[in-house]
Amino acid sequence: MTDFAVAKLQFDETLGYIRQDLRWLLEKRSSLNYTIALLIGCGCEMLAACRSDRSRRAEQVFAELLPPTKELQALAKLLYKALRNGLAHGFDTKHLRVDGTEHQIYLSSLGAQQITIIKNKRGIGLRIGIGVLAEGLCAKITEFEGRLEHDEDARQRFMDARQQAAGVTATEAAAWRALVATDLAV
């Protein structure tokens with residue numbers, strides 16, 4: 001059994017940070033679009049891990065943030081992976097290759113918060129207004145926080161879903177102990 005106070009502390013330092021950072025970026029009208037989108041991707045992944053689904057299907061959480069059109073729902077998994085994996089591993093969105101042609105994904109947290117097809121000199125692209133996705137994710141995080149307070153199973157799933165501690169080799173453990181012993185202040 002996990003006490004709410006313990007779960008709340010962990011929540012504040014994980015999903016709470018994502019919500020706080022997204023809200024700050026949106027309030028400041030930041031144009032750090034890739035950062036916002038990467039936080040959305042990480043938040044979707046964390047919320048998916050907290051569900052009972054062991055597969056951690058973050059694309060399903062992402063799909064819930066998208067407008068419910070048939071086309072966008074069919075593309076949700078592809079879009080999630082193009083954004084999250086592209087940004088996490090190369091700090092660029094992956095392009096979408098359709099019928100042999102690459103199409104750029106454009107992100108914007110300012111202006112119209114829609115998902116639209118755009119045509120420009122580079123061809124056809126997809127513009128995603130990520131501010132509305134960020135707001136939707138913040139609402140889902142807040143909803144989950146409320147569930148933690150009253151649902152012991154949710155607290156346990158949350159605690160089980162946390163990042164596992166990084167294992168260390170004997171050499172790394174010795175280096176860690178030496179570092180602690182020096183009371184390092186660089």
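Here, residue 1 is the first one in the sequence, and each next residue gets the next number. Values in this document were obtained by computation on a predicted structure and should not be read as measured data.
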Query - Distance-minimising heavy-atom pair for Thr182 and Leu179 - result: OG1-O, 2.7 Å
Query raised in the report: Nearest 0.5 Å, what's the CD-CD distance between Glu152 and Gln156?
Result: 7.5 Å
Query raised in the report: Should we count NZ of Lys8 as having more than 12 external heavy atoms under 6.0 Å?
Result: yes
Query raised in the report: Looking at Ala173 and Val168, what are the two nearest heavy atoms and their distance?
Result: CB-CG2, 4.0 Å
Query raised in the report: Is there a side-chain contact between Ile40 and Leu83, using heavy atoms and a 4.5 Å cut-off?
Result: no
Query - Minimum heavy-atom distance between Ile115 and Pro67, given as atom pair plus value - result: CD1-CD, 3.9 Å
Query - Same cluster (ILVMFWY, side-chain, under 4.5 Å), Leu133 and Tyr106 - result: no
**Report entry** Side-chain donor/acceptor of Glu149 to backbone N/O of Phe4, under 3.5 Å
**Finding:** no
Report task. May I ask whether Leu32 and Leu22 are part of the same hydrophobic cluster, defined by side-chain heavy atoms of I, L, V, M, F, W, Y residues being less than 4.5 angstrom apart, directly or through others? Result -> yes
Query raised in the report: Going from CG on Leu47 to CD on Glu143, what distance comes out if it is rounded to the nearest 0.5 angstrom?
Result: 9.0 Å
Query raised in the report: Got a donor-acceptor contact below 3.5 angstrom from the Gln113 side chain to the Val132 backbone?
Result: yes
Query raised in the report: How far apart are the C-alpha atoms of Arg157 and Asp153, what are their side-chain angles, what is the distance that settles it, and do they pass the salt bridge (Lys or Arg N to Asp or Glu O under 4.0 Å) test?
Result: CA-CA 6 Å; Arg157 281 193 312 276; Asp153 289 336; 5.2 Å; no
Query - Under 3.5 Å: donor-acceptor pair, side chain of Ser109, backbone of Ser30 - result: yes
Report summary line: dist Lys81:NZ -> Leu96:CG (nearest 0.5 Å) comes out at 13.5 Å
Requested in this report: Report yes or no: do Ile36 and Leu110 belong to one cluster of Ile/Leu/Val/Met/Phe/Trp/Tyr joined by side chain heavy-atom distances under 4.5 Å?
Outcome: no
Query raised in the report: Are Leu15 and Val6 connected in the hydrophobic side-chain network, where two residues link if heavy atoms are under 4.5 Å apart?
Result: yes
Report task. Can you see which heavy atom on Ala154 is nearest to which on Phe144, and at what distance? Result -> O-CZ, 4.2 Å
Report summary line: Rounded to the nearest 0.5 angstrom, the CG-CZ distance for Leu78 and Arg97 is 12.0 Å
Query - Nearest-0.5 Å distance, CZ of residue Arg57 to SG of residue Cys44 - result: 15.0 Å
**Report entry** Other residues, nucleotides, ligands: >12 heavy atoms within 6.0 Å of Lys77 NZ
**Finding:** no
**Report entry** Intermediate values then yes/no, side-chain contact (heavy atoms from CB on, under 4.5 Å), Gln104 and Asn120
**Finding:** CA-CA 11 Å; Gln104 177 71 46; Asn120 59 29; over 6 Å; no
Query raised in the report: Do Arg19 and Phe11 come within less than 4.5 Å of each other through their side chains, counting heavy atoms only?
Result: yes
Requested in this report: Run the numbers on Arg84 and His89 for side-chain contact (heavy atoms from CB on, under 4.5 Å), then give the verdict.
Outcome: CA-CA 8 Å; Arg84 192 264 182 220; His89 300 292; 3.6 Å; yes
Report summary line: Looking only at heavy atoms, the pair that brings Ala63 and Ala76 closest together is CB-CB, 3.5 Å
**Report entry** Same apolar cluster (I L V M F W Y, side chains within < 4.5 Å links), Leu72/Ile124
**Finding:** yes
Query raised in the report: Between Glu59 (side chain) and Tyr80 (backbone), is there a donor-acceptor pair under 3.5 Å?
Result: no
Requested in this report: Using distance alone, with no hydrogens and no angle criterion, decide if Asp92 and Tyr34 have a side-chain donor and acceptor under 3.5 Å apart.
Outcome: yes
Report task. Taking the side chain as every heavy atom from C-beta outward, state whether Leu39 and Leu25 have any pair of such atoms under 4.5 Å apart. Result -> yes
Query raised in the report: So do Asp3 and Arg155 actually touch side chain to side chain, heavy atoms under 4.5 Å?
Result: no
Requested in this report: Search all heavy atoms of Ile105 against all heavy atoms of Ala82 and return the closest pair with its distance.
Outcome: CD1-CB, 3.8 Å
Query raised in the report: Is the closest side-chain donor-acceptor distance between Arg162 and Thr14 under 3.5 Å?
Result: no
Query raised in the report: Can you tell me how far the CG atom of Leu126 sits from the CG atom of Leu107, to the nearest 0.5 Å?
Result: 9.0 Å
